[in-house]
Amino acid sequence: MTGQPRSASQPPAVAAAGLAAVAWPHGAHRLDCVSDVHLSAHDPATAAAFLGYLRAAAFDALCILGDLFEVWVGDDLLQADDPEAALARDVAAALRAVASSRPVYLMHGNRDFLLGPAFAAASGATLLADPCLLDTGGWRWLLAHGDAWCVHDADYQRFRAQARSAAWQADFAARPLAERQTLARALRAQSRAHQAQRVRAGMVDTGDVDADTVEAARQRHGANGVIHGHTHRPAAHRLPGGAPRLVLSDWDALAQPPRLQVLQLAPGGRWCVAPANA
Ligand SMILES: [Mn+2]
């Protein structure tokens, strides 16, 4: 899948309203976007694929748009003695090797929104605000994880607002690591049960972003197009105003065929999708 900005009916980019913008790295030809890798010690095949992708690193810059980890309960995991901690240290070291010569950007997802300054320091990654702009030179992408645009899932949006508050995070961080891990597992199981119940009840599909909400954000921030993940519904859509909305795939090395998808961006709004192990 490849794409190029349209010239004739290209939606206008107006001045951005105070949103942080990532500049296209000087001289870069290719900036890779990935998201929803969902790294976990329970899925060594996907972890190995991601580490292999970082080692090969044929990109000039890397942008991870959320849910790099299946769950992140705090940066103190880096010091812990369990398989998830060992994987987290391997990933941080591999990112750091990349970041020694190329920019690595990291955005929070809904699973790993507690990735903090200690992980950023260990990995050499620059934490991105959600959303933020990427200026590729004459073409601006609005980058987001995507969960904030799933406005039809009112229960999730309530939880999101609560979990992003300083009070909730302080209370959570004060609990022992093992308790936080148990709590995260329980929240995950609860969320799965909730989704399954909605599907059984034939209720409206709340698992996707709302296109009008995304289009409003695009216009508000003066972007030419939008890139997000989270929904695990990879596609290249057109927003109501005609601008591209590119949706990143999740990663699963054991799926048939394996899902290890990378969105490669080039200057000026050009893009293509390729397998990570190509
Ligand atoms: Mn997500």
Side-chain angles (χ1 to χ4, degrees), residues 32-43 46-47 49-50 62-74 77 84 87-88 91 95 105-116 119 123 125 127-132 141-165 168-169 172 180-181 183-196 198-199 205-211 213-214 217 226-235 237 245-253 255 259-263 273 276:
D32 280 10
C33 289
V34 301
S35 77
D36 304 280
V37 185
H38 292 283
L39 292 170
S40 150
H42 295 287
D43 182 0
T46 301
F50 184 70
L62 175 64
C63 199
I64 302 165
L65 293 182
D67 287 351
L68 173 62
F69 291 98
E70 171 71 5
V71 66
W72 191 264
V73 296
L77 180 71
E84 298 297 346
L87 174 63
V91 171
L95 287 173
Y105 299 106
L106 178 62
M107 186 181 281
H108 289 138
N110 55 301
R111 312 283 196 84
D112 59 8
F113 61 94
L114 292 175
L115 282 168
F119 182 81
S123 64
L127 288 173
L128 292 179
D130 179 3
C132 73
W141 291 109
L142 183 65
L143 309 177
H145 180 58
D147 59 316
W149 290 330
C150 294
V151 295
H152 298 295
D153 191 343
D155 291 339
Y156 171 68
Q157 294 302 333
R158 257 193 305 278
F159 169 75
R160 187 180 194 275
Q162 187 189 33
R164 302 294 172 111
S165 74
W168 186 94
Q169 294 194 4
F172 190 73
R180 277 176 276 144
Q181 286 173 314
L183 214 59
R185 270 192 297 273
L187 279 171
R188 185 69 204 121
Q190 197 185 334
S191 150
R192 267 201 214 97
H194 172 70
Q195 294 295 348
R198 291 191 69 90
V199 170
D205 177 13
T206 56
D208 207 352
V209 301
D210 177 67
T213 303
V214 178
V226 178
I227 298 171
H228 70 85
H230 178 65
T231 60
H232 300 195
R233 300 175 189 194
H237 297 283
R245 173 170 74 87
L246 309 183
V247 187
L248 302 170
S249 174
D250 63 319
W251 280 42
D252 185 348
R259 289 195 305 277
L260 305 165
Q261 212 182 75
V262 176
L263 172 66
V273 172

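Here the structure is a predicted model, which is why all the values come from computation and not from measurement. In listed order, ligands and their atoms are each counted from 1.
Of the charged side-chain nitrogens involved, none lies within less than 4.0 Å of a carboxylate oxygen, so that R111 and D250 do not count as a salt-bridged pair.
Each protein N/O/S atom under 2.8 Å from the Mn ion (ligand 1) was counted, for a total of 4.
Using bins of under 30°, 30° to 60° and over 60° for the plane-to-plane angle, the ring pair W149/H228 lands in the perpendicular bin. Below 30°, between 30° and 60°, or above 60°: for W72 and F69 the angle between ring planes is between 30° and 60°, a tilted geometry.
Here CD1 of I227 is found 5.5 Å from CG of L143. Values are rounded to the nearest 0.5 Å. Here CG of L260 is found 8.0 Å from CG of D252. Values are rounded to the nearest 0.5 Å.
Around the NE2 atom of H237, the shell of radius 6.0 Å holds more than 12 heavy atoms that belong to other residues, nucleotides or ligands.
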